[in-house]
Amino acid sequence: MENGKWRMKGRILPAYCHRTSKPSPMPWFHLHAPDTVPSPALLVSPEGVRANIQRAVALAGGPDRLRPHVKTHKMRAVTDLLLAEGIQRFKCATLAEAHLLAEAGAPDVLLAYPLVGPNAPRLRDLRGAFPQTHFSALTDSAAAARHLSNVFADAPLDVYLDLNVGMYRTGIAPADAPALFRFCQTLPGVRVVGLHAYDGHIRDTDVADRTRSADASFALALTVQRNIEAAKGRRLPIVMGGTPPFAIHA
């Protein structure tokens, strides 16, 4: 709280609990009968969420260019709003999130994390339970790709090569990605359909600095795309962009 007002995600909103006169309209929503809401509680403004979705679609140039990550909201209701605005492709980090998306009827779900151990057969089972949803996953090493191929030998899985463009959490070095692509082509259970890069390390508050960082990370992914295209004649789409650099990539 600051000077009698609540600070929420960068916005200064009137504090209803300390008012002496009629407050100015709050952005997006007005809470009716707050005394009836159990506390603590999570309150979501559908109008505000819908406005954000529409702005993201406008920035990207269309819903087909977006692949929002469900970890941002983890809610069926918000997923339904995204679908209603024409968004068809989604990302998630866990099999539970993938299950939520499939139950909501999401047509395309990318499990944006390299699958190892028992998670690969769990994804195979999930795909069998929701045949109307197209599932894909990431891979960033020969060992992980071989494991996926063994699990999905009877029905190949679409995979994206995960590139490390500066986050240093998962992903293969961009210089090594073409070799991994060639190796995956020898495996019967995986099909490389694109490139993926998460640039969550880009958090510059200055827009000019953030633009330079985003352009540098994108250049790494673009080089991989061009090298593979030159060698194999295939132009792989790139899935890329954390929250801070999203508008720059768009």
Side-chain angles (χ1 to χ4, degrees), residues 7-13 25-29 43-93 97-98 100-101 104-113 134 136 138 160-167 169 171 193-226 235-250:
R7 180 177 289 279
M8 297 175 60
K9 290 189 176 180
R11 290 176 179 262
I12 298 294
L13 304 182
M26 292 182 70
W28 293 352
F29 68 92
L43 305 179
V44 178
S45 165
E47 294 80 9
V49 174
R50 191 175 293 110
N52 275 345
I53 296 170
Q54 291 170 351
R55 187 178 183 190
V57 169
L59 281 171
D64 58 313
R65 296 190 65 204
L66 288 176
R67 192 182 280 272
H69 205 305
V70 73
K71 72 178 180 183
T72 306
H73 55 83
K74 294 181 181 286
M75 276 188 260
R76 169 66 186 268
V78 175
T79 300
D80 290 341
L81 291 175
L82 290 162
L83 287 165
E85 294 297 329
I87 294 172
Q88 302 287 297
R89 302 180 179 92
F90 296 83
K91 284 174 64 175
C92 61
E97 292 170 356
L100 180 153
L101 289 167
D108 189 315
V109 174
L110 168 60
L111 193 57
Y113 217 80
H134 176 264
S136 56
L138 303 183
Y160 289 74
L161 300 187
D162 190 28
L163 309 176
N164 176 14
V165 294
M167 187 71 182
R169 185 177 67 182
V193 297
L195 304 172
H196 172 273
Y198 176 52
D199 46 13
H201 61 290
I202 298 176
R203 302 171 185 172
D204 306 272
T205 56
D206 181 80
V207 175
D209 290 340
R210 187 162 70 246
T211 299
R212 283 190 289 270
S213 298
D215 288 347
S217 288
F218 185 74
L220 294 173
L222 189 62
T223 297
V224 175
Q225 182 193 59
R226 288 173 174 171
R235 187 175 181 84
L236 299 175
I238 300 173
V239 176
M240 188 170 183
T243 299
F246 156 71
I248 296 167
H249 290 316

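Counting from 1, the numbers follow the sequence of the chain as shown. Since the structure is predicted, the reported quantities are computational estimates derived from the model, not experimental observations.
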Requested in this report: State the OG-CE distance between S217 and M240, to the nearest 0.5 angstrom.
Outcome: 5.0 Å
Query - Minimum-distance pair of heavy atoms, taken over all atoms of C92 and V70 - result: CB-CG1, 3.5 Å
Requested in this report: Evaluate side-chain contact (heavy atoms from CB on, under 4.5 Å) for R226 paired with T223, printing each intermediate quantity in order.
Outcome: CA-CA 5 Å; R226 288 173 174 171; T223 297; 5.9 Å; no
Query raised in the report: By side-chain contact (heavy atoms from CB on, under 4.5 Å), which residues pair with R212, not counting sequence neighbours?
Result: A208, D209
Requested in this report: Verify the neighbour count for atom CZ of R67: are there more than 12 heavy atoms of other residues, nucleotides or ligands below 6.0 Å?
Outcome: yes
Report task. Using side-chain contact (heavy atoms from CB on, under 4.5 Å) as the criterion, list what pairs up with R210, not counting sequence neighbours. Result -> I202, D204, V207, P244, I248
Query raised in the report: So how far is it from L138 CG to L110 CG, rounded to the nearest 0.5 Å?
Result: 5.0 Å
Query - Qualifying ring-ring contact (aromatic ring centres under 6.0 Å, His included) pairs with a residue from residues 69-91, counting only residues at least two apart or across chains - result: none
Query raised in the report: With sequence neighbours left out, what residues match K74 under side-chain contact (heavy atoms from CB on, under 4.5 Å)?
Result: E97
Query - I238 side, atom CD1; L161 side, atom CG - distance, nearest 0.5 Å - result: 11.5 Å
Query raised in the report: Atom CG of N164 and atom NE2 of H201: how far apart are they, to the nearest 0.5 Å?
Result: 8.5 Å
Query raised in the report: Rounded to the nearest 0.5 Å, what separation is found between the CD atom of Q88 and the NE2 atom of H134?
Result: 13.5 Å
Requested in this report: With sequence neighbours excluded, give me every side chain to side chain donor-acceptor pair (under 3.5 Å) pair touching residues 237-250.
Outcome: D199-H249
Which atom pairs, one a donor and one an acceptor, fall under 3.5 Å between side chains of residues 75-84 and the rest of the protein, sequence neighbours left out?
| residue | atom | partner | partner atom | Å |
| --- | --- | --- | --- | --- |
| R76 | NE | D80 | OD1 | 2.9 |
| R76 | NE | D80 | OD2 | 3.4 |
| T79 | OG1 | M75 | O | 2.9 |

Query raised in the report: How many angstroms lie between CG in D64 and CD1 in I87, if you round to the nearest 0.5 Å?
Result: 10.0 Å
Query raised in the report: What are the two closest heavy atoms between L101 and K91, and how far apart are they?
Result: CD1-O, 4.0 Å
Query raised in the report: Any donor-acceptor pair under 3.5 Å linking the side chain of R65 with the backbone of A60?
Result: yes
Query raised in the report: When you look at CZ of R169, are more than 12 heavy atoms from neighbouring residues, nucleotides or ligands closer to it than 6.0 Å?
Result: yes
Requested in this report: Locate the shortest heavy-atom distance separating Y160 from S136; write the atom from each residue and the value.
Outcome: CE1-OG, 3.6 Å
Query - Pairwise side-chain contact, Y198 with V165, heavy-atom cut-off 4.5 Å (strictly under) - result: no
Query raised in the report: What do the steps show when you test V239 against L195 for side-chain contact (heavy atoms from CB on, under 4.5 Å), and what is the final call?
Result: CA-CA 6 Å; V239 176; L195 304 172; over 6 Å; no
